[in-house]
Each structure stands twice: as structure tokens, then as C-alpha cells.
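Here's the structure, in C-alpha cells; my notes come after.
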Amino acid sequence: MLSKRHQRNKRIYIALFLLASVFALLALRLAWIQFVISGRRVPGGQYPLAKMSKIQSEREVVLDTGRGRLYDRHGLPLAGETVWTAAFYPQEEEQRGADGSGNADSLRSLRRLAAILGVPFKQLQEKREKLVQPFLWPAKSGGGPLALTPDQAAEIGGLQIDGVRVMPFASRPGGSLTGRQWLGHLSEARPKKESRGQGGRTASRGNDDSGLRVTMEGTTGLEKTLEPLLRGVGHTEVYARVDADGKRLPGSELTVRTPSNPYYPLSLHTTVDLKLQDKIERLAAGNGVKEGAVVVLEAGTGDVTAMVSLPFYDPGNVSPEGGEWNNRALQAAAPGSIFKIVTAAAALEAGVTSPDETFHCHGAYGRYGLSCHKEAGHGALTLEQGFAQSCNNVFASLAERLTAGQLQSAALALGLGRDIGWRQEQVLGQPMLQPLSGEQRGTVFRTLSPDDGGARVQTAIGQRDSMVTPLQAANLVVTLLHGGEVRAPRILREVNFANGQKLMDLPPHLAPAAEGRISERTAKQLRSWMRRVVTEGTGRSLRGARWALAGKSGTAQTLVKGARRNNQWFIGFGPAEQPQYAVAVLVKSAAPGSPHTATRLFGEIMDLLAEPSGS
């Protein structure tokens, strides 16, 4: 009897011991979670466990990713513009259904809200009733949340609808086509071993259903090259506390949470004139340009005033395969006769000709399969006249007197065949700050073959090996305006802290070549010949422009998918006597024999630039 009791007590003791052990293990596990791993990041995520548990009880909308702002030269926002938008949050449990139960005032407010948002009343009502996750009411274009006018924002705020608030939102470009490929776009950041901050895209792309943010980073353009400066230090968000079913807790208010840093996000000011940029985009589209580029540089500084690339693209909906996001202003193309500026400079600098030398053009050159664009020939004409009439035979003759090295050196001295965009080492914490990174160098000769006369002749008229970017072409004009001194085109001019304090000025500078520069005398000679192109040469259609203009036309023969096409160019400056702007226009893949759209568009852009300020 005692033995059985002993056995029973023993089993009880064992069970109690096991139970105590289980509770002890649970206590140890809870302590481990609370004091050790709660601060560790969840594998594959951005947040520690403690933060995850808190986020699960909150539902938030990101109003500002904290990414830096980009502005034009007049302070107009390019990226990071603050707009008013409508934020929707889950209603409190006792409020659900109240607005649709027959309350006349509530129904009237909801119907007015639907009218302001431009949606059917039933759609708004159903969306609001089923809402468990906050969101910003989207624009119909798909480019982020709907931007409200100040009057609309004030009216929605006055409606006082539960769960609906008007909030300021920092938007990034998207939802419409634009030629600002230099600005760039954002995409999801690839996972990295180290945290890279909370810089990101709009809330529509920056939130998933759990409320956790997806970090975005610059993929192209300034968004990419200035990523270290644009990267944010934290989100600004407005959140509501909800229960397990996603309903807002009774009595809980919407709360704004923002990083307390007076210096970030940074404000980066460019040299671009946004209004001018938009007008030139409309001019290019109105002229039917499908592919090409326009670059407008300030004559005095070489600063980029406008840069348009076609085809246009939507930075909020980028197709990697389409290639529209590529900036054609930084891509090299066959230059045609605008390269004759280089050939003329090389010949004048080498002393193998003079401005009044007489040449004879009979149409066909007689070698290398070359002929002039004027089949009957120009007859007898001077070098200056040959430049104005863009005579191929004149420049073929010059090329045969020059070496390949002389042509190459002249091109490099004028800023072709090399990078010329503004850059600086060891600035703003960057080993190399190069805002216009990705520009192609172009080419003069692929190989310097001293005995290949055909290569020299073809290259001298802008065919064969020669390739030039629209940025280089516009800067070539600036170089002539500065007496042969090559400037580095600048698109970023200053960086400021969020509190308005200036962080750094980024002043213009030169882009000298190892080959030296052409003489001021030669530069002056070429400028006068460019004026003659307009007064009596291939640019005569520009004589009725608001300004007296000077320039050089070009047409390069190319093949596109086996079909013959032309690259049309016109580059120049205005006004001729006191130049303010240098402009390069490239129209790619034009049908042979079609009107010279590049010349017409150049004239329209110059007329636009000639308009009084503010018009």
C-alpha cells in the first residue's frame, strides 16, 4: 500500500517538475525575445521584431519619403513638389454605416466629396465602407495620389468626414509623358547588407498591405547621379491605431510622425528653366519629332537652360525594354555637316587654306564615291561660301590636305570626342560628383590610319566614324562664342539644407583639352561664317526670325533597320551680335527628302527665347 502511494507521489512530482520546466522555458524564451532579439532585424526585412509588433497595430500612409528636393533655376519644384491630397483611414467601428443610414448631412458631404474627387458616389461609399488599410486617393493617370487645388483641399477639410483628411504630400514626377530624361526616375532598391536610409518613392509605391515601406532609389538621370545627396533620413507619415480587424480604435486620433532633423532633406537647385523646358517640349511634339533632342545652353556660362529628349517617357511607369528613358541629348549620333566646323577649324589652324581661297564644285567629287548635295555643283566658290552652302567638295579637299591627327586634335580641342559635362572630384562627400553621368564621348576616327584618304574625307563631312552628342554640339557653339575656350556644361548649381542654409555652391568651370585650344581668331572667323549660313546659305529660312541668328545645318545619312534615314541637325546662337543662348537641335531618323525639321524647330526655339521675360 505504501509502495503504491510512493509511486503515485513520484509521478506527481515528475509531472510538476516537467510542468515547471515548461513554464521556465517559456519564461526564458519570452525574456530572450524581450531583451535580446527584439532589437534584431527580422530576416529579409527592414525592421526589428519590436518595431514589427508596433507596426502591426498601426496603419499609416507615407506623406513624405524624406528624399531630397530638386528645383529649377527659379525655385520651381522638379521633384519633391508638395501638393494637397485626400487621405482615407479606416472609420471607427461605431461610425461604420452611419453615413449611409439616412443622415442627410453625412450623405450630402459624401456626395460632395465624390464630386470633388471625380468618382461615382457608390464607388466612394463602397471603398470607404470596406477600408481597413489607409491610402491616398489616386490620380486617374496613375501617377501617384490625386493633387487637389487649394480650394478643393479647403472644401474637403470643411466637410469633416470621419476618416478623411487633407494632407500635404511630397510627390515625385509620374503619370504624364515628359522629355526630362535628365531628371531620371526611381525604382525599388535592391537589398543591401547595410541600411541605406529611408529615401524612397511615393506612398502609392512605398507601402504594401502591411504598412511597411519599400525603399526606392534613383535609377537614371539626376535621381541616380545625386542619389547620395537625395537619400532621405526618414519618412513623414500619418498613422491611425487599429484593432485586429483593421478598424480604427475608438477615440484614437490621426497622428503625424516625422524625423526631427532641421538639415534634411536637402534642396538641390539646377540650372534648368522649367517653364522654358515645357514650352520646348511642346514645340518639339508640335513639329512631329519622334526621336531626337534639343539642348539650350546659356551663352555666358555654358549652363544647361533646357534639355529635351524624344521620345518622351513617363518616369512613373518606365519600361526597361522600351528605351524611352535614355537621354538622347547625351547619346552620340552621326553629325553630318555640323562637323564641317571642326574641319574648317583644323584647316585654318594648320594653315592649309585661307578664307578667300577659291574652290570648284562640279557636283561629283571624283573619288571615294563622294558627291555634293547639289547635283549640278556650286561652281567656283570661296571657303567662306563653301561653309555657308555646306559644299561637300570644298571640305573633302580640305580633308585631303590634313592628317587624321590634325582633324582629331581639332575636334578634341573643341570639346568633341570626350566627356565635357561638369564634374568635380572630392565634393559633397563624393569621390566624383558628375550630375550628367552617362554622356557618350562620341568619336572622330575609330582608328587613325594616315593613308586612308577615304576615311578622312568621309569623317570631315560628318559621316563614317564621326559621332557627336547634342550636348557636345551645343557646347561647341559656346566654345566658339568664348574664343575657343571649352566650358563644362553645368546642370547643378547649388545645394542647400532643409532650413535654407546653403551647403555648397557648384560654380561653372572650364573643360580644357590636352591638345590645347583653337585660336580666338579662328573662333571669330567661324562665328562670322555661321552668320552667313543664315543670311545667304542653307539656313536662309531663318532670316525672318525675331533675332538675327547664326548657325550651321547638317544632314547625316544613316540606316535604321536596313532603311535609309537622315539625322537632321541645326546648331547656332542668337542674337548674332550679343549672343545669349546656344542651341543644338537633332531630329533622328527623318525620311530622305523630307523638310528640314531641325532648322524650323531651331528657329521656333530662338523665337521663344527672344520673347520678353515673363511672357
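Predicted, not measured: the structure shown is a model, and the values here were computed from it. Along the sequence shown, residues carry numbers from 1. Just the heavy atoms: all of them, side chains too, but no hydrogens, waters or symmetry mates, feed the values below.
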Quick one: ring pair (Phe, Tyr, Trp, His ring centres under 6.0 Å) partners of [X], sequence neighbours excluded?
X: Phe339; result: none
X: Tyr365; result: none
X: His596; result: none
X: Phe387; result: Trp529

Using atom types as modelled and distance alone, determine if a side-chain donor or acceptor of [X] lies under 3.5 Å from a backbone N or O of [Y].
X: Thr271; Y: Val304; value: yes
X: Asp72; Y: Leu274; value: yes
X: Trp422; Y: Leu433; value: no
X: Ser371; Y: Ala364; value: no

Under a 3.5 Å cutoff, is there a donor and acceptor pairing between the side chains of [X] and [Y]?
X: Glu298; Y: Thr301; answer: yes
X: Lys374; Y: Asn392; answer: no
X: Ser390; Y: Ser337; answer: yes

Nearest heavy-atom neighbours spanning [X] and [Y]:
X: Leu586; Y: Ala333; answer: CD2-CB, 4.0 Å
X: Ser437; Y: Thr225; answer: CB-CG2, 3.5 Å
X: Leu381; Y: Cys391; answer: CD1-CB, 4.3 Å

Set out, in order, the CA-CA distance, both residues' side-chain angles and the distance that settles salt bridge (charged side-chain N to carboxylate O under 4.0 Å, His left out) for Glu536 and Arg540, then state yes or no. CA-CA 6 Å; Glu536 55 189 82; Arg540 291 190 300 275; over 6 Å; no
With sequence neighbours excluded, residues passing salt bridge (Lys or Arg N to Asp or Glu O under 4.0 Å) with [X]:
X: Glu515; value: none
X: Arg527; value: none
X: Glu324; value: none

Output the distance between atom CD1 (Ile280) and atom CG (Leu601), rounded to the nearest 0.5 Å.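 Going from CD1 on Ile280 over to CG on Leu601, the span is 8.5 Å.
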Looking at OG1 of Thr459 and CG of Leu402, how far apart are the two atoms once the value is rounded to the nearest 0.5 Å?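 One gets 12.0 Å once the value is rounded to the nearest 0.5 Å.
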Can you tell whether the side chains of [X] and [Y] come within less than 4.0 Å, N to carboxylate O?
X: Asp273; Y: Arg73; answer: no
X: Lys224; Y: Glu217; answer: no
X: Arg69; Y: Glu81; answer: no

Where do Thr343 and Lys340 land on the side-chain hydrogen bond (donor to acceptor under 3.5 Å, both in side chains) test, with the steps shown first? CA-CA 5 Å; Thr343 305; Lys340 290 172 182 174; over 6 Å; no
What is the ring orientation for Trp547 with Tyr581, classed by angle as parallel under 30°, tilted 30 to 60°, or perpendicular over 60°? parallel
Would you list the pairs meeting salt bridge (charged side-chain N to carboxylate O under 4.0 Å, His left out) in which at least one residue belongs to [range], sequence neighbours left out?
range: residues 345-363; result: Glu357-Arg401
range: residues 482-495; result: Asp303-Arg490, Glu485-Arg487, Glu494-Lys502
range: residues 408-422; result: Asp419-Arg423, Asp419-Arg441

Around atom [atom1] of [X], are there more than 12 heavy atoms from other residues, nucleotides or ligands closer than 6.0 Å?
X: Glu400; atom1: CD; result: yes
X: Glu520; atom1: CD; result: no
X: Arg521; atom1: CZ; result: no

Give the table of side-chain donor-acceptor pairs shorter than 3.5 Å for residues 281-296, with sequence neighbours excluded, one pair per line with atom names and distance.
from   : atom 1 : to     : atom 2 : distance (Å)
Glu281 : OE1    : Gly179 : N      : 3.4
Glu281 : OE2    : Thr178 : OG1    : 3.4
Glu281 : OE2    : Gly179 : N      : 3.2
Glu281 : OE2    : Gln277 : NE2    : 3.0
Asn287 : OD1    : Arg600 : NE     : 2.8
Asn287 : OD1    : Arg600 : NH2    : 3.3
Asn287 : ND2    : Leu283 : O      : 2.9
Asn287 : ND2    : Glu604 : OE1    : 2.8

Ring centres under 6.0 Å, that's the criterion: do His269 and His74 meet it?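 No, they do not, as the ring centres are separated by 6.0 Å or more.
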Show the atom names and distances, to 0.1 Å, of all donor-acceptor pairs under 3.5 Å that link a side chain in residues 558-565 to residues at least two apart or in another chain.
from   : atom 1 : to     : atom 2 : distance (Å)
Thr558 : OG1    : Arg565 : O      : 3.2

